Amino acid sequence: MRIRVSDRSTTRAAPLAHGQTMVQQLGVFAAGADFGLLSEAARDTLKLRILDAVGCAIGALGSQVLRSVRAEVREMGGRQLSSLVGGGRTAPDRAAFLNGAAVRYLDFNDSYLAPGETCHPSDNLAPVLAAAEFAHASGRDLLTALAVAYQVQCRLSDVAPVRAHGFDHVTQGAYASAAGVARALGLDAVATAQAIAIAGTAFNALRVTRTGALSNWKGLAYPNVAFGAVHAAMLARHGITGPDEVFEGNKGFMDSIAGWFEMDWSSEDLEKVLETVVKRYNAEIHSQSTLEAVLELRAEYSIDPAQVRAAEVDVFDVAYNIIGGGDEGGKKSIRTKEEADHSIPYLVAVALLDGQVLPPQFDADRILKADVQQLLQLVAVSPDPRLSARFPAEHPCRVRITMQDGRILAREKRDYLGFRTRPTGWVETLNKFHDLADPVAGKELADQLAAGIQTLEQITSADLGRLLGKVRSPRSHKE
């Protein structure tokens, strides 16, 4: 595989072997993916990511955002072909949207870290499951289709980052979701390529979603792409075509957004899931090592937050620009959940005060309380080029907390529990799942879900859908 990026307006990529365009080659890759190509480690990791995502989805069901999305889906209606987390059934595209919103709302699901892009590959679970259930696919096919989506999204994040060009990471997600959905539907290579071409052409999302004052759309941008990807695949299933040169053509993805790159899909495997990471804390992924450091210092020195004079955090440039007050906007005027989980100052302050960063730390009354609003103003975040050079191989940070008595409490981290160098296994993931799922679903149903996911290759996608449909949404949730 060779990567070369140059001027977007003048460069064209040469045709691939055998006269195929890149999307045609990607269609061959996705349609030909087979469960037997997955290593045992990749299969196990996919199950961990599904368990993690399902826990996040169930934990989000009581939120006002999910209630609003459910109301819209109910109002629009749809043939009852795919299951909804929280009960009910609807058309596959609408199931992809609602279930995707549930997976994403807490901002607690997995991530993939590339030098120029960060994404959340488990955002693809909802569209792939909705399509798999529609197609009466096996659990093995569900795992394979999800692996395809992971591979496409992570590899495009590697070779074709778009954040610096003003586009959001869900832009690559259009290709990934469509590829995974097409595989779940069992489309052939030609129809798969058309599904990917339609979605890739139609869904190029702006990065403003995650800059400045953040809105509910932060958690709904990928579900919207998932909705569109399912729709695109269904159209391709009925013979509708898209631009075969969506990647390399005149005014295509390379020309207009990403710059020239080369990608040989015929040489790809299904193992990228092994390089994904999970969140220990309910906060934006680039904050995880900082929060681990803060909470370790708090416990070790029994820090009284009222005695904190200042907190200084040094981070790599991506963390600074996205959640530290850099290129994507200031992070000290915090009023909403979306702003709070994307603000290092808020996250450090609430960790010092509460000793944890989980969903309760993002209730509206917690965010607006005077103690955290005052303490976050004392947190200073700075980028360090030396730390930046170590990312994404590491997840480094330095934290210094100055106390009123003059003591300076310091901690430096190179990673956190959940990063590639310190991965979590089934036990840790199961504990997180139960913490999120049990209060909503009850332990008995949560146990059934966990067992079904652990043995997913032995059941069908419909079996998993039915279990998710047994969960009932809470009637209210404090936000």
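The model shown is predicted, which means the values in this text are computed figures rather than measured ones.
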In chain order, what residues pass the side-chain contact (heavy atoms from CB on, under 4.5 Å) check against Asp435, with sequence neighbours excluded?
none
Residue list, salt bridge (charged side-chain N to carboxylate O under 4.0 Å, His left out) with Lys369, at least two apart or on another chain
none
Ion pair present between Arg422 and Glu292, side-chain N to carboxylate O less than 4.0 angstrom?
yes
If a pair satisfies ring pair (Phe, Tyr, Trp, His ring centres under 6.0 Å) and one of its residues is in residues 376-414, list it, with sequence neighbours excluded.
His286-Phe391, Phe316-Phe391, Phe316-His395, His395-Tyr416, His395-Phe419
Contacts of Arg366 that satisfy salt bridge (charged side-chain N to carboxylate O under 4.0 Å, His left out) - sequence neighbours left out
Asp354, Asp371
Strictly by modelled atom types, are Ser157 and Gln153 linked by a side-chain donor-acceptor pair under 3.5 Å?
no
Nearest 0.5 Å, please: how far is CG in Leu409 from CD1 in Ile401?
6.0 Å
Taking side-chain hydrogen bond (donor to acceptor under 3.5 Å, both in side chains) as the cut-off, I'd like each qualifying pair that reaches into residues 324-334, sequence neighbours left out, listed once.
Arg207-Glu328
Assess Arg280 against Phe108: is NZ or CZ under 6.0 Å from the centre of the six-membered ring, and within 45 degrees of the ring's axis?
no
Does Glu300 have any salt bridge (charged side-chain N to carboxylate O under 4.0 Å, His left out) partners at least two apart in sequence or in another chain, and if so, which?
Arg411
Side-chain donor-acceptor pair present, Ser473, Arg67, cut-off under 3.5 Å:
no
Under a plain distance cut-off of 3.5 Å, with no hydrogens placed, do Asp341 and Tyr346 share a side-chain donor-acceptor pair?
no
Can you list everything that forms a side-chain contact (heavy atoms from CB on, under 4.5 Å) with Ala33? Sequence neighbours excluded, please.
Thr144, Val148, Arg183, Leu270
Partner residues of Arg390 under the salt bridge (charged side-chain N to carboxylate O under 4.0 Å, His left out) criterion, sequence neighbours left out
Glu394, Glu412
Side chains of Arg89 and Ser83: is there a donor and an acceptor less than 3.5 Å apart?
yes
Hey, does Phe203 have a side-chain heavy atom less than 4.5 Å from the side chain of Val170?
no
Classify the side-chain pair Asp110/Thr276 by whether it contains a donor and acceptor separated by less than 3.5 Å.
no
Under 3.5 Å donor-acceptor, Lys432 side chain and Tyr281 backbone
no
Under a plain distance cut-off of 3.5 Å, with no hydrogens placed, do Gln307 and Asp405 share a side-chain donor-acceptor pair?
no
Ser388 (side chain) donor-acceptor with Asp384 (main chain) under 3.5 angstrom
yes
Got a sec, which pairs hit ring pair (Phe, Tyr, Trp, His ring centres under 6.0 Å) with one end in residues 426-449, sequence neighbours left out?
none
Can you name the residues that form a side-chain contact (heavy atoms from CB on, under 4.5 Å) with Asn431, not counting sequence neighbours?
Val427
Between Gln172 and Glu117: side-chain donor-acceptor atoms closer than 3.5 Å
yes
Which pair of non-hydrogen atoms, one from Leu387 and one from Asp314, has the smallest distance, and what is that distance?
CD1-O, 3.4 Å
Excluding sequence neighbours, so at least two apart, what forms ring pair (Phe, Tyr, Trp, His ring centres under 6.0 Å) with Tyr175?
Phe247, Phe253
With sequence neighbours excluded, residues passing side-chain contact (heavy atoms from CB on, under 4.5 Å) with Thr429:
Leu48, Leu51, Asp52, Thr424
Check the side chains of Ser215 and Glu338 for a donor-acceptor pair under 3.5 angstrom, ignoring hydrogens and angles.
no
Quick test of your reading of the model: are Glu296 and Lys413 salt-bridged, counting only N-O distances below 4.0 Å?
yes
Could Lys337 and Phe362 be counted as a cation-pi pair, given that NZ or CZ must be under 6.0 Å from the ring centre and within 45° of the axis?
yes
Would you please say whether a donor-acceptor pair under 3.5 Å links the side chains of Asp415 and Thr421?
yes
N-O pairing of Arg163 and Asp168 below 4.0 Å
no
So, Asn109 versus Ser122: side-chain donor-acceptor pair below 3.5 Å or not?
yes
Considering the options Leu106, Val85, Leu436, which one meets the side chain to side chain contact (heavy atoms under 4.5 Å, CB included) requirement together with Ile58?
Val85
